[in-house]
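Every heavy atom of this structure was used, including side-chain atoms; hydrogens, water molecules and symmetry mates were not.
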Amino acid sequence: TNFLIINIILLIFAFTNNGCKKGADDPFLSFRSRNSRLVKNWTLTSSNYTQTIVNTSPASTSTTTKTFNGGVLTIVNASGTTTTESYSLHLDFDKNGSILNMDEIANAVANNMSNYWEWGNDKSNKEQLITHSSVSIMPAGIYYIDKLEGHTVLLTNRELILKQNISTVSGSITTTVISTLTFESD
């Protein structure tokens, strides 16, 4: 009977507990902390970025999009001009809070800078990542971690998905940025 009771309790726990999940697509269970899953080298695999600027005086709207997929960055600026070039972005998160960014545009190093990162407002849940350095496709700011996976029970992929949705207002101008960046680690 004790065996049956323990199995029922474990079954109830399995269906009601979110386990280690913080982000929507996080693994159910991980044996590593969120810090240790983040601290490594990451390479951008895909990205969608949209910036919309609305001015109420005089009335105007402009939108710029940046799409990255498989080594190619496509930028469509506010006037509709499209630019396509080779691109790569590598992030190296250090356990002490430093981050090394290296992005290459058209096979030339555009940025190779060191700055810092930190967890957002709720450091216990670690759902927000704040970066204090900007590169072409990833401006400094607050990112919500949708997925941070590494050394999970069933999955061996190491994937990081960051999302950003912010609006800022300055006088008559409202700027909105919506982006999703997907990274894989070494």
Side-chain angles (χ1 to χ4, degrees), residues 22-26 32 34-53 62-121 126-151 156-168 170 173-186:
K22 303 287 184 197
D25 291 323
D26 266 0
R32 299 182 71 205
R34 218 156 157 100
N35 272 11
S36 64
R37 286 182 280 154
L38 179 66
V39 172
K40 59 180 64 163
N41 297 314
W42 295 96
T43 301
L44 184 68
T45 57
S46 68
S47 175
N48 291 305
Y49 171 97
T50 303
Q51 178 186 50
T52 303
I53 300 172
S62 65
T63 301
T64 300
T65 62
K66 298 178 183 180
T67 305
F68 174 79
N69 196 356
V72 176
L73 176 64
T74 303
I75 301 171
V76 180
N77 67 19
S79 65
T81 304
T82 300
T83 307
T84 302
E85 52 200 5
S86 64
Y87 183 78
S88 67
L89 172 61
H90 304 279
L91 303 176
D92 184 7
F93 289 92
D94 179 89
K95 68 179 180 179
N96 296 320
S98 67
I99 180 174
L100 175 65
N101 303 352
M102 187 176 87
D103 66 334
E104 296 179 9
I105 299 174
N107 299 317
V109 174
N111 280 311
N112 192 1
M113 64 162 92
S114 183
N115 218 308
Y116 68 100
W117 67 272
E118 62 185 312
W119 293 112
N121 60 358
K126 299 178 180 171
E127 295 173 341
Q128 294 179 352
L129 176 70
I130 300 173
T131 62
H132 295 274
S133 59
S134 292
V135 293
S136 175
I137 202 162
M138 184 180 173
I142 299 173
Y143 290 86
Y144 293 90
I145 299 178
D146 196 46
K147 184 175 189 177
L148 178 55
E149 172 180 284
H151 295 298
T156 56
N157 265 3
R158 297 179 186 142
E159 189 173 44
L160 170 65
I161 299 176
L162 301 176
K163 292 188 175 185
Q164 186 178 51
N165 186 346
I166 59 169
S167 289
T168 57
S170 178
I173 299 173
T174 301
T175 303
T176 303
V177 173
I178 300 172
S179 68
T180 301
L181 298 108
T182 303
F183 296 86
E184 288 185 359
S185 70
D186 303 334

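At a threshold of 4.5 Å between non-hydrogen side-chain atoms, the residues Leu38 and Leu129 count as touching. Counting only heavy atoms from C-beta outward, the side chains of Leu91 and Ile99 approach each other to under 4.5 Å. Within the 4.5 Å cutoff, side-chain heavy atoms of Ile173 are placed close to those of Ile53. Side-chain atoms of Leu162 and Ile145, non-hydrogen and from C-beta on, do get closer than 4.5 Å to each other.
Nearest heavy atoms, Phe93 versus Val39: O-CG1, 3.3 Å. Across all non-hydrogen atoms, the minimal contact from Leu181 to Tyr143 is CD1-CE2, 3.6 Å. The two residues Thr45 and Glu184 have their closest heavy-atom pair at CG2-CG, 3.8 Å.
One side chain, Glu118 or His132, offers a donor N or O that lies under 3.5 Å from an acceptor on the other. Side-chain atoms of Thr176 and Ser167 form a donor-acceptor pair, as typed in the model, at a separation below 3.5 Å.
Here NE2 of His90 is found 5.0 Å from OG1 of Thr43. Values are rounded to the nearest 0.5 Å.
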Give the C-alpha distance, both sets of side-chain angles, the deciding distance and a yes or no for side-chain hydrogen bond (donor to acceptor under 3.5 Å, both in side chains) between Ser98 and Asn96. CA-CA 6 Å; Ser98 67; Asn96 296 320; over 6 Å; no
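Judged purely by atom type and a 3.5 angstrom limit, Trp42 has no side-chain atom pairing as donor or acceptor with the backbone of Glu159. In this structure a side-chain-to-backbone donor-acceptor pair under 3.5 Å is missing from Ser86 to Gly71.
Here Tyr144 pairs with Gln128 under the side chain to side chain donor-acceptor pair (under 3.5 Å) rule; sequence neighbours left out.
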